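Comments concern the structure below.
Positions are given from 1 along the sequence. Note that the structure is predicted; figures quoted are calculated from it, not measured.
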Amino acid sequence: MTWLLILILVPLAGSLVLAFLKGNDRAAVLAALGFSILEFLLVIPFWLSYSPSGARLQMTSSFDWIPSFGVHIAFGTDGISLIMIAVIALLVPIVVGGLGTLDKLPAGRSAGGFLSLILLQEALTIGVFAATDVFLFYVLFEIMLIPMYFLIGGYGGANRQYAAVKFFLYSFLGGLIMLASAIGAYSLAKDKLGHGTFDWATLVTVVRDAPLSTQIWLFLGFFLAFAIKAPLVPFHTWLPDAAGEAPIGVAVLLVGVLDKVGTFGFLRYCLPMFPDASRTLAPLVLVLSVVGVLYGSILAAGQRDMKRFIAYVSIAHFGFISLGIFAFNEQAMVGSATYMLNHSLATGMLIVVIGLVIARGGSSRISDYGGMAKVTPLLAGLFLLAGLSTLSLPGTNSFVSEFLVLIGSFVDQPVYTILATVGMVLAAAYVLWLYQRVMQGPVRGDALVGVGGGPGTAIAPELGAKKAIRDLNGREIAILAPLVVLILVLGFYPKPVLDTVTPTVQQTLSAVQGGK
């Protein structure tokens with residue numbers, strides 16, 4: 001048993017336990033919270049046992065699965081997968097703790113079923129980040145769609161079925177195309193070594209020597225799957241629907257973690273396995289990245305729904321991350337890798353805060369709110385902090401990442417960098433615009449209308465009665481506290497994350513530059 005196996009098995013065991021607690025919601029919540037906190041506590045020694053100066057893959061384990069085809073159940077971690085495993089271990093207890101506050105389950109749905117799917121999603125996602133067998137990675141890449149499909153389709157909004165099917169089909173199709181490329185890489189290994197293998201480290205040494213035309217075709221198979229998952233424009237259209245219809249806790253995991261599988265795939269698979277194709281096709285990816293930044297930023301301005309607004313701002317951020325990756329500059333790539341973590345924290349907190357706003361007003365429409373700072377000043381302050389982190393204000397966690405991407409990519413790609421900067425400025429302006437509309441000005445709109453009874457009282461016309469609008473309670477503060485601490489601490493002291501990620505980035509960049 002290795003750390004990684006334990007980290008996968010703990011939430012998997014929790015998911016199985018919760019499947020038998022469908023009739024007792026309180027017991028289900030307590031059990032899920034216990035398993036998720038245990039998982040987070042286990043991640044701490046897991047992180048401390050990782051040596052940034054050690055081998056690329058550490059804490060490895062491998063078991064025969066399909067020996068005749070060279071398939072293994074193999075796991076290992078590098079600096080980039082480590083930070084993503086850590087962030088999902090942090091976000092899941094927040095999602096579990098927020099059940100009943102962030103999300104109200106539909107009538108007839110049990111907490112046990114919902115939380116069982118959440119923990120299953122956690123186990124599968126950790127497996128995706130940890131897999132070092134390409135076939136195993138593909139299998140987990142596809143299987144992890146299933147709990148998310150049921151979470152969106154079973155517990156989401158009015159158009160949840162459409163959003164869930166669209167999410168599933170997009171990612172599933174991308175995975176099938178990736179499988180075709182993985183089989184192609186397997187065939188190359190078989191021709192060169194005399195036996196086929198899906199071992200990632202072996203394929204890196206084999207496929208990188210293939211002719212450029214072969215690399216390009218195989219690269220495109222992997223790239224398309226990851227571009228859909230990231231998502232890059234024009235493969236992005238599933239995200240606004242999925243994020244808009246998903247429950248708040250599910251949206252935190254979807255936008256905060258699952259999307260990062262795409263950018264993680266660029267760094268783990270596309271660049272080291274296909275270095276020549278990566279350099280050849282980099283201009284195309286850079287164009288898509290900049291288009292994504294500008295497109296996401298502009299469309300965010302036209303959104304009327306807060307959850308869809310965050311989805312489009314995130315599309316802009318993902319374009320920015322891929323810009324840093326395909327600039328092939330160490331500073332930019334380190335910035336992109338750390339941005340994966342910092343985006344998860346900032347956007348995760350912003351979605352949670354928006355969920356708390358929706359829980360009070362009963363609507364996700366921006367026009368239904370105004371002046372909430374007068375009623376909920378603490379919630380307004382944390383909304384502002386999440387927004388400032390999202391727009392990378394100095395002193396917040398995202399600033400260092402964005403600065404590194406800008407300073408690194410500008411060296412070799414000044415035009416793309418300038419265009420992306422314009423888009424990010426627009427995105428920042430729209431985040432502040434969202435805060436202004438929801439929190440400032442007079443109390444107004446359909447969901448919140450002041451009734452002159454002093455702070456904390458409003459009327460919800462759709463309910464036809466007065467409704468007390470309260471500021472954050474102790475439970476909600478506890479949910480947000482870890483994110484607040486990390487946003488501020490990493491804003492002033494990002495060294496632990498930078499030290500963890502930089503050696504992996506250097507090894508990835510060396511593999512790209514060492515191609516033919």
Side-chain angles (χ1 to χ4, degrees), residues 7 10-11 14 29-30 32-48 82-103 115 118-119 121-122 125-126 129 247-258 260 310 338-357 359 378-390 392-393 395-401 471-498 500-501:
L7 291 178
V10 166
V29 171
L30 292 176
L33 196 59
F35 276 103
S36 60
I37 291 175
L38 174 61
E39 178 79 353
F40 177 71
L41 294 176
L42 289 173
V43 165
I44 296 174
F46 173 69
W47 184 301
L48 295 176
L82 174 64
I83 63 173
M84 295 315 303
I85 291 171
V87 79
I88 190 172
L90 171 70
L91 291 177
V92 168
I94 292 173
V95 171
V96 174
L99 184 61
T101 297
L102 297 174
D103 294 307
L115 295 174
I118 291 289
L119 291 185
Q121 188 70 65
E122 179 180 20
T125 307
I126 291 174
F129 286 120
I248 289 295
V250 176
V252 169
L253 299 182
L254 178 66
V255 181
V257 182
L258 263 68
K260 307 304 188 304
I310 297 304
T338 57
Y339 213 153
M340 291 164 60
L341 168 67
N342 290 321
H343 177 270
S344 297
L345 297 175
T347 306
M349 180 175 174
L350 187 57
I351 294 173
V352 170
V353 172
I354 285 174
L356 295 174
V357 171
L378 182 55
L379 176 60
L382 294 181
F383 194 128
L384 180 60
L385 175 62
L388 294 177
S389 177
T390 301
S392 302
L393 183 77
T396 62
N397 60 319
S398 301
F399 170 73
V400 173
S401 298
D471 210 344
L472 297 181
N473 58 36
R475 179 183 178 184
E476 293 164 340
I477 292 173
I479 292 171
L480 289 167
L483 296 173
V484 172
V485 170
L486 285 172
I487 284 172
L488 296 177
V489 170
L490 293 179
F492 289 94
Y493 190 68
K495 188 176 183 297
V497 174
L498 294 175
T500 300
V501 166

Rounded to the nearest 0.5 Å, what separation is found between the [atom1] atom of [X] and the [atom2] atom of [Y]?
| X | Y | atom1 | atom2 | answer |
| --- | --- | --- | --- | --- |
| Leu99 | Ile479 | CG | CD1 | 9.5 Å |
| Glu39 | Leu119 | CD | CG | 9.0 Å |
| Leu356 | Leu379 | CG | CG | 6.0 Å |
| Thr338 | Ile83 | OG1 | CD1 | 7.0 Å |
| Leu102 | Ile351 | CG | CD1 | 10.5 Å |
| Arg475 | Leu480 | CZ | CG | 12.0 Å |

Any side-chain heavy atom of [X] sitting closer than 4.5 Å to one from [Y]?
| X | Y | answer |
| --- | --- | --- |
| Pro11 | Val92 | no |
| Val400 | Leu498 | yes |
| Phe129 | Val257 | yes |
| Glu122 | Ile118 | no |
| Gln121 | Val250 | no |
| Val497 | Asn342 | no |
| Ile85 | Trp47 | no |

Heavy-atom closest pair, residues [X] and [Y]:
| X | Y | value |
| --- | --- | --- |
| Leu385 | Met349 | CD2-CE, 4.1 Å |
| Leu115 | Ala32 | CD1-CB, 3.7 Å |
| Phe492 | Gly395 | CE1-O, 3.5 Å |
| Pro93 | Leu33 | O-CD1, 3.9 Å |
| Thr396 | Ser392 | OG1-C, 3.9 Å |
| Leu90 | Pro482 | CD1-CB, 3.9 Å |

Are any side-chain N or O atoms of [X] and backbone N or O atoms of [Y], one a donor and one an acceptor, separated by less than 3.5 Å?
| X | Y | result |
| --- | --- | --- |
| Thr500 | Pro496 | yes |
| Asn397 | Leu490 | no |
| Lys260 | Val255 | yes |
| Thr347 | Ser344 | no |
| Thr390 | Ala386 | yes |

(request) Sequence neighbours left out, what passes ring pair (Phe, Tyr, Trp, His ring centres under 6.0 Å) with Phe383? Give chain and number order. (result)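 Testing Phe383 for ring pair (Phe, Tyr, Trp, His ring centres under 6.0 Å), a comparison that skips the adjacent residues, returns Tyr435.
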
(request) Taking ring pair (Phe, Tyr, Trp, His ring centres under 6.0 Å) as the test, write out the residues that go with Phe399, two or more places apart. (result)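 Only Phe403 meet the ring pair (Phe, Tyr, Trp, His ring centres under 6.0 Å) criterion with Phe399.
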
(message) The test is side chain to side chain contact (heavy atoms under 4.5 Å, CB included); show your working for Leu82 and Phe46 and say whether it passes.
(response) CA-CA 9 Å; Leu82 174 64; Phe46 173 69; 3.1 Å; yes

(request) Given side chain to side chain contact (heavy atoms under 4.5 Å, CB included), test Leu382 with Leu472 step by step and report yes or no. (result) CA-CA 10 Å; Leu382 294 181; Leu472 297 181; 3.5 Å; yes

